[in-house]
Amino acid sequence: MTAKIIDGKAIAADIRSDVGEGAAKLRAGGLVPGLATVLVGDDPASHKYVGMKRRMCAEVGIESYHNELPADATQEDVLALVERLATDPAVHGILVQLPLPKHIDEEAVLNAVPLSKDVDGFHPLNIGALAMKGREGDFIPCTPHGVIELLKRSGTEMSGASAVVLGRSNIVGMPVALLLVDQNATVTICHSRTKNTPELCRNADIIVAAIGRARFVRGDWIKPGATIIDVGTNVIDDATRKSGKRLVGDVDFDAAVEVAGAITPVPGGVGPMTIAMLLQNTLRAASRCA
Ligand code: NAP
């Protein structure tokens, strides 16, 4: 069997196109959707991610307002900035790029983002709502939301499916697991202390891998026909590339593609969805002000 490739790039482009239409309608009515980005310090990867988010904002007609603080900014500096953006009427969404420098209390900063502008979905109340039956938060975190959207748009039946989520982080694994429960899947969460991960995976109709270990999930862990969503992004050496490096996921793609029913590639799977869902959340936040 050769798995269907779930094209995250194409699906994300469709979502961005819908967001673009929504943004144009708001603009026509005199409201310019706005996203404020907050970057503290000089981590090159964070700079790259924020740059990508801002480029995509421009593409869909969302205004981005960039705010940068030095690596030695104090907790008070960061909070003061977020509090200013919280009351700025041009700003409908606030994105605080993580990770913050170690001396900054991340939870306090995320708590300072008002719920109505929490387009990253990381406010503890938004995360908490995911764990409560019948409750809906204001915003769903972007990468986990992207995972669910890929499952839906690839035609994967979640209701009644047995799903394994590898990883239990606050930003990916745990919210993905909660969202899968909400879709009526039966969910097992594997983490670094799980003893029988391969065995658990072999029974899964859906595997979401979010651990950050290159090609960790082997082909023989996969149930024939299962859907595999690979969130992992790992840089490995590759002498055949000009850069000498290559990006791979948490799943051994070459082996998995022969067994799975559907699978996301890395790159081009979950990655593009994260930004698309951020843009969708920003449009949603702006629409509420129309
Ligand atoms: P993280 O905070 O480092 O969490 C990793 C999780 O994996 C932890 O829960 C850890 O378990 C678990 N784990 C580690 N070794 C394991 C093992 N041998 N078996 C099972 N579980 C194991 O990572 P993250 O932020 O969730 O990110 C995970 C991956 O997704 C990374 O590669 C990251 O780059 C990628 N990512 C991609 C996107 C995107 O847009 N494409 C967005 C976010 C993250 P413990 O809890 O027991 O330590």
Side-chain angles (χ1 to χ4, degrees), residues 6-13 15-16 37 43-46 48-53 55-56 95-100 102 106-107 110 119-122 127 130 139-151 163-180 187-204 206-218 221-222 228-236 245-253 263-281:
I6 303 172
D7 187 349
K9 247 177 160 170
I11 295 172
I15 292 171
R16 289 200 306 274
T37 51
D43 175 49
S46 292
K48 190 176 140 202
Y49 294 143
V50 169
M52 276 161 57
K53 288 167 187 173
R55 270 197 302 284
M56 293 293 177
L95 175 125
V96 179
Q97 185 64 41
L98 302 178
L100 290 166
K102 289 207 164 36
E106 193 172 287
E107 198 177 338
L110 295 180
V119 289
D120 242 346
F122 288 155
I127 295 284
L130 297 179
F139 299 101
I140 299 173
C142 303
T143 303
H145 197 182
V147 167
I148 299 298
E149 207 53 41
L150 287 172
L151 287 167
V164 165
V165 178
L166 297 163
R168 57 174 167 180
S169 72
N170 289 337
I171 61 165
V172 192
M174 193 55 80
V176 164
L178 294 168
L179 288 168
L180 281 165
V187 181
T188 303
I189 301 173
C190 297
H191 46 76
S192 63
R193 313 289 171 88
T194 303
K195 291 200 171 113
N196 53 344
T197 301
E199 209 176 303
L200 292 166
C201 287
R202 281 186 194 111
N203 284 318
I206 297 168
I207 297 177
V208 179
I211 56 176
R213 287 173 170 242
R215 297 186 288 208
F216 182 79
V217 178
R218 313 270 296 266
W221 296 11
I222 292 169
I228 314 297
I229 306 291
D230 192 350
V231 186
T233 51
N234 311 285
V235 179
I236 59 163
K245 309 251 175 250
R246 179 158 69 101
L247 198 64
V248 297
D250 288 346
V251 177
D252 180 353
F253 182 88
I263 186 167
T264 56
V266 176
V270 175
M273 293 298 287
T274 297
I275 300 184
M277 303 324 282
L278 170 73
L279 301 173
Q280 197 181 68
N281 277 350

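Remember, it's 1-based here, ligands and their atoms both numbered in the order they're listed. Being a predicted model, the structure only gives us computed values, none of them experimental.
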*Assess Gly271 for proximity to ligand 1: is some non-hydrogen atom of it under 4.0 Å away?*
yes

*Heavy-atom donor-acceptor pair, Asn281 side chain to Ile140 backbone, under 3.5 Å*: yes

*asked:* Can you confirm whether Ile222 sits close enough to Ile207 that some side-chain heavy atom of one is under 4.5 Å from a side-chain heavy atom of the other?
replied: yes

_Under 3.5 Å between any N/O of Thr197 and any N/O of ligand 1: does that happen in this structure?_
no

*Look at the side chain of Asp250 and the backbone N and O of Phe216, then say whether any donor-acceptor pair between them is shorter than 3.5 Å.*
no

*For ligand 1, is any non-hydrogen atom under 4.0 Å from Thr233's backbone (N, CA, C, O), its side chain (CB onward), both, or neither?*
both

*atom 24 (P) of ligand 1: the protein heavy-atom neighbour that sits closest, reported with distance to 0.1 Å*: Ser169 OG, 3.7 Å

*Would you mind running through ligand 1 and noting each atom that sits below 4.0 Å from a heavy atom of Phe216?*
17 (C), 18 (N), 19 (N)

*Under 4.5 Å between any side-chain heavy atoms of Leu130 and Pro141, yes or no?*
yes

*Using a strict 4.0 Å cut-off to heavy atoms of Val172, name the atoms of ligand 1 that fall inside it.*
26 (O), 43 (C), 44 (C)

*Decide whether an N or O pair under 3.5 Å exists between Arg193 and ligand 1.*
no

*Do Ser46 and Pro99 touch side chain to side chain, with heavy atoms closer than 4.5 Å?*
yes

*Given Gly146, Ser192, Pro267, which one has a non-hydrogen atom that is nearest to atom 16 (C) of ligand 1?*
Ser192

*Is there a side-chain contact between Val165 and Ile206, using heavy atoms and a 4.5 Å cut-off?*
no

_Arg16: which residues meet the salt bridge (Lys or Arg N to Asp or Glu O under 4.0 Å) condition with it, sequence neighbours left out?_
Glu59

*Check whether any side-chain N or O of Asp7 sits under 3.5 Å from a backbone N or O of Lys9 as a donor-acceptor pair, and report yes or no.*
yes

*Sub-4.0 Å heavy-atom approach of Ile171 to ligand 1*: yes

*So is Val231 close enough to ligand 1, meaning a heavy atom under 4.0 angstrom away?*
yes

*From the candidates Leu278, Val147, Val165, Ile211, the one that places a heavy atom nearest atom 22 (C) of ligand 1*: Ile211

*Among Met174, Met277, His191, which residue places a heavy atom closest to atom 20 (C) of ligand 1?*
His191

*asked:* Need the ligand 1 atom indices (1-based, order shown) with element for anything under 4.0 Å from a heavy-atom of Gly167.
replied: 6 (C), 7 (O), 9 (O), 12 (C)

_Closest protein heavy atom to atom 15 (N) of ligand 1, given as residue, atom name and distance to 0.1 Å_ = Arg213 NE, 3.3 Å

*Can you find a pair of side-chain heavy atoms, one from Leu200 and one from Cys190, that are under 4.5 Å apart?*
yes

*Evaluating non-hydrogen atoms only, which member of Ala209, Gly173, Gly212 is closest to atom 31 (C) of ligand 1?*
Gly212

*asked:* As a test of the contact definition, would atom 3 (O) of ligand 1 count as having a protein heavy-atom neighbour under 4.0 Å?
replied: no

*asked:* Would Arg168 count as being in polar contact with ligand 1, using the rule that some N or O on each side must be under 3.5 angstrom apart?
replied: yes

_Do Thr143 and Met273 have side chains that approach each other closer than 4.5 Å (heavy atoms only, starting at C-beta)?_
no

_Any Ile228 side-chain heavy atom under 4.5 Å of Thr264 side chain_ = no

*For ligand 1, the portion of Met273 having any non-hydrogen atom under 4.0 Å away*: neither

*Can you tell me if CG on Asn170 sees more than 12 non-hydrogen neighbours from other groups inside 6.0 Å?*
no

*Which ligand 1 atoms, with their elements, are less than 4.0 angstrom from a heavy-atom of Thr143?*
40 (O), 42 (C)

*atom 40 (O) of ligand 1 [closest protein heavy-atom partner, distance rounded to 0.1 Å]*: Thr274 OG1, 2.7 Å

